[in-house]
Chemist: 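Shown below is the structure under consideration.
Just so it is clear, the values below take in all heavy atoms, side chains as well, and ignore hydrogens, waters and symmetry mates. So that the names make sense, note that chain A is the first sequence line, chain B the second, and so on, each numbered from 1.
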There are 2 protein chains.
Amino acid sequence: MAQLQKSIDKRNALIKATIELVNNNGFHATPMSKIAKMANVSPATIYLYFENKQDLVNKTYIDVKAQYTSYAFETYTTDMSVEHGFEIIWKRIADFKLNESENAMFLAQCDNTPIIDEPSLQEGIKHLQPLLDLWERGKKEGLIKNMSNYLLYAYAINPLSFLMMAQKRGAFQLEASQLEDAYQSAWSSIKN
Amino acid sequence: MAQLQKSIDKRNALIKATIELVNNNGFHATPMSKIAKMANVSPATIYLYFENKQDLVNKTYIDVKAQYTSYAFETYTTDMSVEHGFEIIWKRIADFKLNESENAMFLAQCDNTPIIDEPSLQEGIKHLQPLLDLWERGKKEGLIKNMSNYLLYAYAINPLSFLMMAQKRGAFQLEASQLEDAYQSAWSSIKN
DNA sequence: ACAATAAAAATGAACGTTCATTCTTTTTTT
DNA sequence: AAAAAAAGAATGAACGTTCATTTTTATTGT
């Protein structure tokens, strides 16, 4: 127990360091030695937890993606109405993207570059299923536009990534009232 | 003249090679030697055209961004109505993102990573002004929601980046009829 | 018009550095 | 005392950049 605990702490420290360094410097300027230093570990120790650098960044991606979806669906249950369920999920996602912005930023970087390998990307997509199911239900009930789920995601969810990025860059600040505007825009772009 | 022409060709070849390699392999796996090889040039020659690797990628970004905005506003004039002007611009942007996807993909990568330095990012933003002006006009006329331009961009334009990326990954194909859906979603998310 | 010469552009090889990874030894845990 | 975990130093490869040289282009004097 104590031994396993210690290992998990170290693994988490490595993942945290990876996120922070890749966010700030990019993958190309994030050497293993810096990751090790930030996690208070020897470079060699990384290789006890991960096969190599690619494996480290893949696993980091999967880890963060799992956190993201778990957070998103935390308060959602399938017995909610389509509109209410969507609002619940959307606001959780907004919370995650704007408050846990280190994690969200890392995902944005991974989703827009070829640094994560295909199997790991696939692995990350899986957990989004509850939202897709909700949308299918909404389409059947005639509440949601009969469009591809990609289009729905593009308009209802993805804008939050852009806003998170703009906020991270200090370009602007999303206030609570604007968040309500944003939600209305999201809903009106996908509702029938 | 002949000499200058030759130089511009070589510069363009270098920029094209940079885009292609960074798109496919990422910045971290794009050595100067590969860029040189793809542009049919000696590595040393790159340094006659650009200060260093950072400068090369900065200049590439600015170059592509200028192409993007120039394409976007090609058929737009300020005497158009807000709604018509927006449709014109939106569809040009959609064209660019979906047809010139190599260029669009490169921009997406740059806009979601720290590989481009701040001054070059600022330089790239400048040319978007006509769209922001159009939106300001739309707000005054009560046609467009009175929201931050960041929010408007997030909902009206940014989804196209996501769709371009999904299409590039082969996840799905955006048909002409879906494009019309997409435009309607964009417009309904920002109109009053 | 044309050699001769200067200037510019381009090259391949070389340099010093940095990196991911491994090896050997030490420390910690069982 | 054995096994597992961790460490620091070592290694070889790869990288960005520069150097010495060659090739191409432009300029000059006749």
Chemist: What is the distance, to the nearest angstrom, from the CD1 atom on B/Ile46 to the P atom on D/dC15?
Modeler: 13 Å
Chemist: Output the rounded distance in Å from CG (B/Asn25) to P (D/dA14).
Modeler: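 B/Asn25 atom CG is separated from D/dA14 atom P by 15 Å.
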Chemist: Taking the side chain of A/Thr45 as heavy atoms from C-beta outward, which of C/dA20, D/dA6, D/dG16 is closest to it?
Modeler: D/dA6
Chemist: Do B/Met147 and A/Gln178 come close enough that some side-chain heavy atom pair is under 4.5 Å?
Modeler: no
Chemist: Answer yes or no: is there an ion pair linking A/Lys91 with A/Glu87, defined by an N-O contact shorter than 4.0 Å?
Modeler: yes
Chemist: Going by atom types only, do B/Asp111 and B/Tyr61 share a side-chain donor-acceptor pair under 3.5 Å?
Modeler: yes
Chemist: Would you kindly give the OH-to-P distance between A/Tyr47 and C/dC19, to the nearest whole Å?
Modeler: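 Those two atoms, OH and P, are 12 Å apart.
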Chemist: Closest approach to the side chain of A/Tyr49, judged atom by atom: which nucleotide of D/dA6, D/dG16, C/dT21 is it?
Modeler: D/dA6
Chemist: Classify the angle between the aromatic ring planes of B/Phe86 and B/Trp135 as parallel (below 30°), tilted (30 to 60°) or perpendicular (above 60°).
Modeler: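 Rings of B/Phe86 and B/Trp135: tilted, 30 to 60°.
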Chemist: In whole Å, I'd like the distance from the CG atom of B/Leu14 to the C1' atom of C/dA9.
Modeler: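 So the CG-C1' distance, B/Leu14 to C/dA9, works out to 13 Å.
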Chemist: Consider the side chain of A/Leu48, meaning its heavy atoms from C-beta on, and name the nucleotide among C/dT21, D/dA6, D/dG16 that approaches it most closely.
Modeler: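 Looking only at heavy atoms from C-beta outward on A/Leu48, the closest nucleotide is D/dA6.
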Chemist: Please determine whether a side-chain nitrogen or oxygen atom of B/Ser42 lies at a distance below 4.0 Å from atom OP1 or OP2 of C/dA10.
Modeler: no
Chemist: Keeping A/Asn103 on the side-chain end and A/Val64 on the backbone end, is there a donor-acceptor pair under 3.5 Å?
Modeler: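 The answer is no, because no donor-acceptor pair under 3.5 Å joins these two groups.
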Chemist: Nearest whole angstrom, please: distance from the P of D/dA7 to the NZ of A/Lys37.
Modeler: 13 Å
Chemist: When you get a sec, tell me which of D/dT18, D/dA6, C/dT21 is the closest nucleotide to the side chain of A/Lys10?
Modeler: D/dA6
Chemist: B/Pro31 side chain: which of D/dC15, D/dA5, D/dA7 is closest?
Modeler: D/dC15
Chemist: Rounding to an integer number of Å, can you tell me how far A/Leu56 CG sits from C/dA20 P?
Modeler: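 That distance rounds to 10 Å.
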Chemist: Take the protein atom CD of B/Glu51 and the nucleotide atom P of D/dG16, then report the distance between them rounded to whole Å.
Modeler: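 These atoms are roughly 16 Å apart.
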Chemist: Which nucleotide in the list D/dG8, D/dA6, C/dA20 gets nearest to the side chain of A/Ala44?
Modeler: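 Out of D/dG8, D/dA6, C/dA20, the nucleotide with an atom closest to A/Ala44's side chain is D/dG8.
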Chemist: Whole Å only: how far is the NE2 atom of A/His28 from the C1' atom of D/dA14?
Modeler: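 From A/His28 NE2 to D/dA14 C1': 16 Å.
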